[in-house]
Q: 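Next up is a structure, given as structure tokens.
For ligands, and for the atoms within them, numbers begin at 1 and follow the listed sequence. Atom set for the values below is all heavy atoms of this structure, side chains included, hydrogens, waters and symmetry mates excluded.
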Amino acid sequence: MAKTQPFDDTILEKIQALQEKYAAMGQDLSSYLDGLLYADYLTYWDYINLDTLLSLQHPITPIPDETIFIIYHQITELYFKLSLHELEQLQGKGSVAGQEILKRVRRVNRYFEALTHSFDIMVDGMDQEQFLKFRMSLLPASGFQSAQYRMIEIRCTSFDRLLKEGAREVHANHQANQLAELFDSIYWKAGAVELASGKKTLTLKQFEAKYDQILLDLAKGAFDTNLRRQWNGLPEAEKNPELREELRWLDVNVNINWPLSHYKSAVRYLQRNPEDIAATGGTNWQKYLPPRFQKRIFYPELWSQEELNEWGKGWVAKEIFGKK
Ligand code: HEM
């Protein structure tokens with residue numbers, strides 16, 4: 001009986017290519033084909049590790065709304081991770097073209113817009129009574145201890161821009177070997193401070209113990225490659241208006257819009273209650289959180305004096321970009 005050819009030419013070509021691939025590594029194609037015979041089909045739930053993902057919510061109180069609080073923090077950390085994923089790709093290389101920066105900054109902006117728009121899940125989406133109950137059980141943990149948030153900032157701008165106000169201009173021309181010394185003046189060391197005594201809270205001390213060295217190392221690594229450096233180092237022809245606007249929008253998203261929507265949640269849950277300040281372990285959040293006090297600005301060279309003066313007053317986002 002004549003043997004029929006079971007494969008068309010394209011399949012045979014692929015088998016040939018696979019044979020070459022495995023042979024190049026001293027491997028035997030036939031054994032790998034055996035493996036394929038027994039391999040299971042991939043499922044959606046295995047591919048995205050769904051069971052693990054859905055098993056990562058562990059409320060520590062019986063209060064139902066605590067689950068919302070945990071999941072929304074986790075969602076935020078995933079968006080932060082996506083943002084870092086883009087920034088890391090930009091900063092792993094030497095010089096990067098303006099178009100590449102534009103593409104990635106646009107992505108980070110999209111993530112932050114999603115976060116800002118969804119923050120109502122926190123602001124309006126939990127019962128205040130429930131929040132105030134479970135919040136006390138979480139002390140001294142705070143979103144303040146989100147290291148990814150600080151990593152985004154370190155990758156977005158030069159280190160002087162992250163110092164507390166007053167120290168920024170003085171250190172505008174700092175060198176890499178000064179970073180360790182400057183680290184003590186980083187803005188967040190003035191947050192999560194005890195309102196009554198001005199001393200560091202346990203929240204801050206724990207964060208420093210776990211992350212100071214990691215963040216300092218990152219700052220050293222990003223000294224030459226942070227986004228501000230990359231923008232300023234571009235040839236003039238590549239500093240086009242589109243990229244300029246995208247960077248300004250990043251400044252607004254990270255330093256005004258997200259902090260403002262976050263601040264709204266602190267005000268909603270903590271301000272009206274007589275125990276408001278106690279609820280966060282007695283910190284100085286009212287003075288610390290509002291962007292108009294902090295005036296953190298990644299790219300001052302991209303803003304006019306008037307825009308800088310109005311920073312965080314709700315004016316920049318609406319007037320400059322026509323966005324809410
Ligand atoms: C009801 C919701 C929330 C309330 C009431 C709240 C409250 C606060 C307060 C009072 C602070 C100041 C530090 C402190 O005193 O502990 C803070 C800081 C912070 N929180 Fe939240 N927070 C909420 C949701 C979130 C979420 C969902 C995230 C996402 C990760 C987050 C991330 C942060 C960050 C990154 C800081 C530091 C901000 C800075 O240094 O400028 N918070 N939060």
Q: Ring centroid separation for Y149 and F80, is it under 6.0 angstrom?
A: yes
Q: Using a strict cut-off of 4.0 Å, indicate which atoms of ligand 1 neighbour a heavy atom of H73.
A: 24 (C), 25 (C), 26 (C), 27 (C), 28 (C), 29 (C), 30 (C), 31 (C), 42 (N)
Q: When you compare ligand 1 with H262, is there at least one nitrogen or oxygen pair between them that comes in under 3.5 angstrom?
A: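 By distance alone, the answer is yes.
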Q: Looking only at distances, can you tell me whether any N or O atom of S142, backbone or side chain, sits closer than 3.5 Å to an N or O atom of ligand 1?
A: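 Min N/O separation from ligand 1 is below 3.5 Å for S142.
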Q: Applying a strict 4.0 Å limit to heavy atoms, is P259 in contact with ligand 1?
A: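 The answer is no: ligand 1 sits nowhere under 4.0 Å from a heavy atom of P259.
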Q: May I ask whether R296 places a heavy atom under 4.0 Å from ligand 1?
A: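 The answer is yes, since R296 has a heavy atom less than 4.0 Å from ligand 1.
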Q: For the backbone of S304 and the side chain of E307, can you confirm whether one donor and one acceptor N or O come within less than 3.5 Å of each other?
A: yes
Q: Consider ligand 1: state whether an atom of it lies below 4.0 angstrom from any non-hydrogen atom of Y263.
A: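 For ligand 1, residue contact (heavy atoms, under 4.0 Å) with Y263 is absent.
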Q: Less than 6.0 angstrom separating the ring centers of F134 and F69, yes or no?
A: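 Centroid distance F134-F69: below 6.0 Å, so yes.
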Q: Contact between M126 and ligand 1, counting heavy atoms under 4.0 Å?
A: yes
Q: Taking the side chain from N255 and the backbone from W311, do they hold a donor-acceptor pair closer than 3.5 Å?
A: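 Checking the backbone N and O of W311 against the side chain of N255, no donor-acceptor pair under 3.5 Å is found.
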Q: Can you find a non-hydrogen atom of W188 under 4.0 Å from ligand 1?
A: no
Q: Can you check whether W285 has an N/O within less than 3.5 Å of an N/O in ligand 1?
A: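 N/O-N/O distance under 3.5 Å: no.
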Q: Is it true that R296 and E153 have a side-chain N and a carboxylate O under 4.0 angstrom from each other?
A: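 Salt bridge present between R296 and E153.
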Q: Among all residues two or more places apart in sequence or in another chain, which pass the ring pair (Phe, Tyr, Trp, His ring centres under 6.0 Å) test with F119?
A: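 Here the qualifying residues are Y72, W258, H262.
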Q: Compute the minimum heavy-atom distance from R150 to ligand 1 and say whether it is under 4.0 Å.
A: yes
Q: Give the single entry among F144, Y269, Y288, F207 that approaches atom 19 (C) of ligand 1 most closely by any heavy atom.
A: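 It is F144 whose heavy atom sits nearest to atom 19 (C) of ligand 1.
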Q: Can a side-chain donor-acceptor contact be found between S31 and D28 if the only test is distance below 3.5 angstrom?
A: yes
Q: Between the side chains of D160 and R228, is the shortest nitrogen-to-carboxylate-oxygen separation below 4.0 Å, so that they form an ion pair?
A: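 Here R228 pairs with D160 in a salt bridge, since their nearest N and O are under 4.0 Å apart.
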Q: Could you name each residue pair satisfying side chain to side chain donor-acceptor pair (under 3.5 Å) that touches residues 167-185, not counting sequence neighbours?
A: R161-E169
Q: Which ligand 1 atoms, with their elements, are less than 4.0 angstrom from a heavy-atom of Y72?
A: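 Heavy-atom distances to Y72 below 4.0 Å select 27 (C).
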Q: Quick one: which of S265, G143, P291 has a heavy atom closest to atom 4 (C) of ligand 1?
A: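 The nearest heavy atom belongs to S265.
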